[in-house]
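Structure first, commentary second.
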Amino acid sequence: MAGHSDNDMGLPGFDKPVKVAIVIAPYYTAIAEAQLAAARSVLEQAGADHEVIEVPGSLEIPTAIGIAHRLSNFDGYVALGCVIRGATSHYDVVVNESSRALTLLGMQGVCIGNGIITVENRAQAEERADASRLNTAGGAAAAALHLIALTRRFGKPKGGVGFRTRPDVIEVAGDSEGTTTA
Ligand SMILES: Nc1c(NC[C@H](O)[C@H](O)[C@H](O)CO)[nH]c(=O)[nH]c1=O
Ligand SMILES: CC(=O)[C@@H](O)COP(=O)(O)O
């Protein structure tokens with residue numbers, strides 16, 4: 001289980017390979033190392049291949065995911081970062097805008113587990129980054145895997161009524177044959 005949740009959903013199984021990008025902002029080195037280890041452990045338990053993409057700060061994580069989603073072929077993403085409140089309102093900008101941007105990507109169907117820690121102090125960050133304590137990065141990895149599994153569950157060819165296209169057939173309007181085979 002991760003965070004304060006008492007509900008352990010376990011991990012989904014996959015019958016086809018899964019490719020995940022861990023997009024991490026190692027703003028605080030030791031925190032990032034703990035988050036990365038925790039996320040990797042979960043992805044390895046699920047048999048998911050993964051790559052690590054580093055960005056300077058948490059504000060860059062959504063942009064990096066957007067770029068990777070547009071230009072690469074990852075099934076999902078684990079966003080890892082740590083934002084510790086300072087003396088100004090910049091904390092609110094980083095926290096609110098990074099989470100908002102990740103949510104907007106998610107609403108477009110990008111499978112993202114958000115493991116960006118947003119805390120008041122270093123001790124809170126360490127507790128959440130530690131896989132043996134609140135394990136928020138492990139939870140984010142599990143969340144991404146569950147969204148990938150959901151996508152595959154709903155993306156399976158449907159039986160039942162209704163027209164559906166076939167990948168080997170190109171429908172050409174007005175063609176007397178109606179179809180050509182690709
Ligand atoms: N203060 C923290 C930041 N700030 C940097 C921003 O995320 C961003 O990289 C910068 O504004 C340039 O665009 N980032 C964190 O991840 N954690 C912080 O505590
Ligand atoms: C979360 C932040 O952006 C923070 O580290 C910046 O610190 P400060 O508000 O003291 O400039």
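For ligands, and for the atoms within them, numbers begin at 1 and follow the listed sequence.
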Protein heavy-atom partner closest to [atom] - residue, atom, separation in Å:
{"atom": "atom 11 (O) of ligand 2", "result": "Thr88 OG1, 3.6 Å"}
{"atom": "atom 4 (N) of ligand 1", "result": "Tyr27 CE1, 3.6 Å"}
{"atom": "atom 10 (O) of ligand 2", "result": "Ala87 N, 2.8 Å"}

Name the residue from Ile148, Leu145, Val18 that meets the side-chain contact (heavy atoms from CB on, under 4.5 Å) definition with Pro12.
Leu145

Counting each atom of ligand 2 from 1 as listed, which ones have a heavy atom of Gly86 under 4.0 Å away?
7 (O), 8 (P), 9 (O), 10 (O)

Within ligand 2, which atoms have a heavy atom of Ile84 less than 4.0 Å away?
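Taking each heavy atom of Ile84 in turn, ligand 2 has 1 (C), 4 (C), 5 (O) under 4.0 Å.
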
What do the steps show when you test Glu51 against Phe74 for side-chain contact (heavy atoms from CB on, under 4.5 Å), and what is the final call?
CA-CA 9 Å; Glu51 288 182 36; Phe74 294 106; 3.8 Å; yes

Pairing of Arg133 and Glu127 as salt bridge, 4.0 angstrom limit:
no

May I ask you to say whether Arg40 pairs ionically with Glu44, meaning some side-chain N is under 4.0 Å from a carboxylate O?
no

Regarding ligand 2, does Tyr28 bring an N or O atom to under 3.5 Å of one of the ligand's N or O atoms?
no

What I want to know is whether His90 and ligand 2 share at least one N or O pair that is separated by under 3.5 angstrom.
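Among all N and O atoms of His90, at least one is under 3.5 Å from an N or O of ligand 2.
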
For ligand 1, indicate whether the residue [X] contacts it via side chain, backbone, both or neither (heavy-atom separation under 4.0 Å).
{"X": "Ile84", "value": "backbone"}
{"X": "Tyr28", "value": "side chain"}
{"X": "Ser98", "value": "neither"}

Using modelled atom types and a 3.5 Å cut-off, is there a donor and acceptor pairing between side-chain atoms of [X] and backbone atoms of [Y]?
{"X": "Tyr27", "Y": "Ile84", "value": "no"}
{"X": "Ser98", "Y": "Val94", "value": "yes"}
{"X": "Thr136", "Y": "Arg128", "value": "yes"}
{"X": "Asn135", "Y": "Ala2", "value": "no"}

Val83 and Ile117: side-chain contact (heavy atoms from CB on, under 4.5 Å), yes or no, with the steps?
CA-CA 6 Å; Val83 190; Ile117 297 172; over 6 Å; no

Show which atoms of ligand 1 fall inside a sub-4.0 Å distance from at least one heavy-atom site of Gly57.
7 (O), 9 (O), 14 (N), 16 (O)

Atoms of ligand 1 less than 4.0 Å from Ser58 heavy atoms?
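Taking each heavy atom of Ser58 in turn, ligand 1 has 7 (O), 14 (N), 15 (C), 16 (O) under 4.0 Å.
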
Is there a side-chain contact (heavy atoms from CB on, under 4.5 Å) between Arg122 and Ile31? Walk through the geometry before answering.
CA-CA 9 Å; Arg122 181 84 184 211; Ile31 300 292; 4.0 Å; yes

Is any N or O atom of Leu59, backbone or side chain, closer than 3.5 Å to an N or O atom of ligand 1?
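Indeed, backbone or side chain, Leu59 has an N or O that close.
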
For ligand 2, note which part of Val93 has a heavy atom under 4.0 Å away: side chain, backbone, both or neither.
neither

At under 4.0 Å between heavy atoms, which part of Val83 makes contact with ligand 2: side chain, backbone, both or neither?
side chain

Does Cys82 reach ligand 1, in the sense of a heavy atom lying below 4.0 Å from it?
yes

For Asn7 and Ser5, run side-chain hydrogen bond (donor to acceptor under 3.5 Å, both in side chains): C-alpha distance rounded to whole Å, both residues' side-chain angles, the deciding distance at 0.1 Å, then the answer.
CA-CA 5 Å; Asn7 173 32; Ser5 173; 5.2 Å; no

For atom 9 (O) of ligand 1, tell me which residue out of Glu60, Arg85, Glu97 has the closest non-hydrogen atom.
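Residue with the shortest heavy-atom distance to the ligand atom: Glu60.
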
